[in-house]
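In this text the structure is predicted, and so the values were computed from the model without any measurement. We count ligands from 1, going down the list as the structure has it; atoms in each ligand are counted the same way. Numbering starts at 1 and runs along the sequence shown.
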Amino acid sequence: MHSNKLAILCDDPAYSERSQAMADQLGVSLYPVVEKFTPEDFFLTYRDGCLKLLDKELLKKGGLMVDIEPRHGEQRSWPAPKEGALAQAIGRKTRTVVDATTGWAQDSLHIFRMGYELTCIERSPVMLKLLADAFLRLEQLSWVKNLTLPVPALLPGNAIDILAQLVSAPDCIYIDPMFPPKRKKSALPKKSMLILRDLLGDDMDREALFEAALQATAKKVVVKSPDYAEPLGGKPEQSFKSKLLRYDVYVKN
Ligand SMILES: C[S@@+](CC[C@H](N)C(=O)[O-])C[C@H]1O[C@@H](n2cnc3c(N)ncnc32)[C@H](O)[C@@H]1O
């Protein structure tokens, strides 16, 4: 992360202690208000009862939080049906999944809602703050409480190191690193993904991450990739296509 790009914004006194603690932990500035000349580009702030990420464009609009609601069209029962390209790639025989690149957790939360036993890894300190806030909100959802579902464990750090130290090998390791965008139509056009790229840049160590995942998995690695990108680990055993992207499946021999 380019830490000079980030600051904490606290415009609600109810959150001043938490905001100060977060600024101290991340080693960044804290502001009561953001002005045009404020040097940072991104801001973490508590708004509407949750932690949000803003850029200057989003300051007045509201900001981005990790959305814990089911996707449009997804069945709201638990476990949700294992349908669609992501579920096909992960497979029905899979029980345990590690998401090594959690990001905004939209894939993680989908995997969780389909009933897989999930562990999440993320290395960006900013995303970790947003994820921790989201998993607390997830824990409070009535269906999660009623079913006494444990929310996914969130492991902070570089997945290349963490995967090498896992106590038990998961059935599936899922990776969705940031690929360089194509000039025209991109598979990641959403504001949440654009802001992530601006904040973190591309994941240049994605090949090393793939190798670490293949070493650490018990059965398979699933790589999400934009449709224009070469498969990360060479020819996959299987590939499931969705809109503008692919899930490449590599089976461990
Ligand atoms: C494209 S985003 C993932 C989006 C995610 N699948 C979703 O549904 O929101 C990539 C994320 O993976 C994280 N990441 C990439 N390489 C990593 C690594 N080696 N270890 C831990 N996190 C990593 C980045 O910090 C970023 O937050």
Counting only heavy atoms closer than 4.0 Å, does ligand 1 sit against the backbone of D203, its side chain, both, or neither? side chain

Please state whether S108 comes within less than 4.0 angstrom of ligand 1, counting heavy atoms only. no

With a 4.0 Å cut-off, would you call K224 and D107 a salt bridge? yes

Exactly one candidate in D133, L9, L53, L30 meets side chain to side chain contact (heavy atoms under 4.5 Å, CB included) with L44; the answer is L53

Does an N or O anywhere in D107 fall below 3.5 Å from an N or O of ligand 1? yes

Which residue from H110, E122, M178 reaches closest to atom 26 (C) of ligand 1 through any of its heavy atoms? E122

Mind checking whether S192 contacts ligand 1 via backbone (N, CA, C, O), side chain (CB onward), both or neither, at a 4.0 Å heavy-atom cut-off? neither

As an exercise, identify every atom of ligand 1 less than 4.0 angstrom from a heavy atom of A105. 7 (C), 9 (O)

Please test Y250 against F210 for ring pair (Phe, Tyr, Trp, His ring centres under 6.0 Å), starting from the C-alpha separation and ending with a verdict. CA-CA 10 Å; Y250 296 88; F210 173 77; 4.7 Å; yes

Has T102 got any heavy atom lying under 4.0 angstrom from an atom of ligand 1? yes

Under a side-chain separation threshold of 4.5 Å, the hydrophobic residues clustered together with M204 are none

Any N or O of W104 closer than 3.5 Å to N or O of ligand 1: yes

Using a 4.0 Å cutoff against the non-hydrogen atoms of G157, which atoms of ligand 1 qualify? 20 (N), 21 (C)

Should Q165 and D161 be marked as a side chain to side chain donor-acceptor pair (under 3.5 Å) after you check the CA-CA gap, both sets of side-chain angles, and the distance that decides it? CA-CA 7 Å; Q165 292 161 21; D161 304 325; 5.9 Å; no

For ligand 1, which atoms have a heavy atom of N158 less than 4.0 angstrom away? 18 (C), 19 (N), 20 (N)

Contacts satisfying ring-ring contact (aromatic ring centres under 6.0 Å, His included) that involve residues 14-66 (not counting sequence neighbours) are Y15-Y46

Have a look at ligand 1 and work out which part of M193, if any, has a heavy atom under 4.0 Å from it: side chain, backbone, both or neither. side chain

With the side chain counted from C-beta on, respond yes when T96 and S168 share a heavy-atom pair under 4.5 Å apart, and no when they do not. no

Distance-minimising heavy-atom pair for S29 and E40: OG-OE2, 3.7 Å

Within 4.0 Å of some non-hydrogen atom of Q106, the atoms of ligand 1 are 7 (C), 8 (O), 9 (O)

Using heavy-atom distances, let me know which of L196, L200, L155 sits nearest atom 2 (S) of ligand 1. L196

Cation-aromatic face contact R246/F240, 6.0 Å, 45 degrees: no

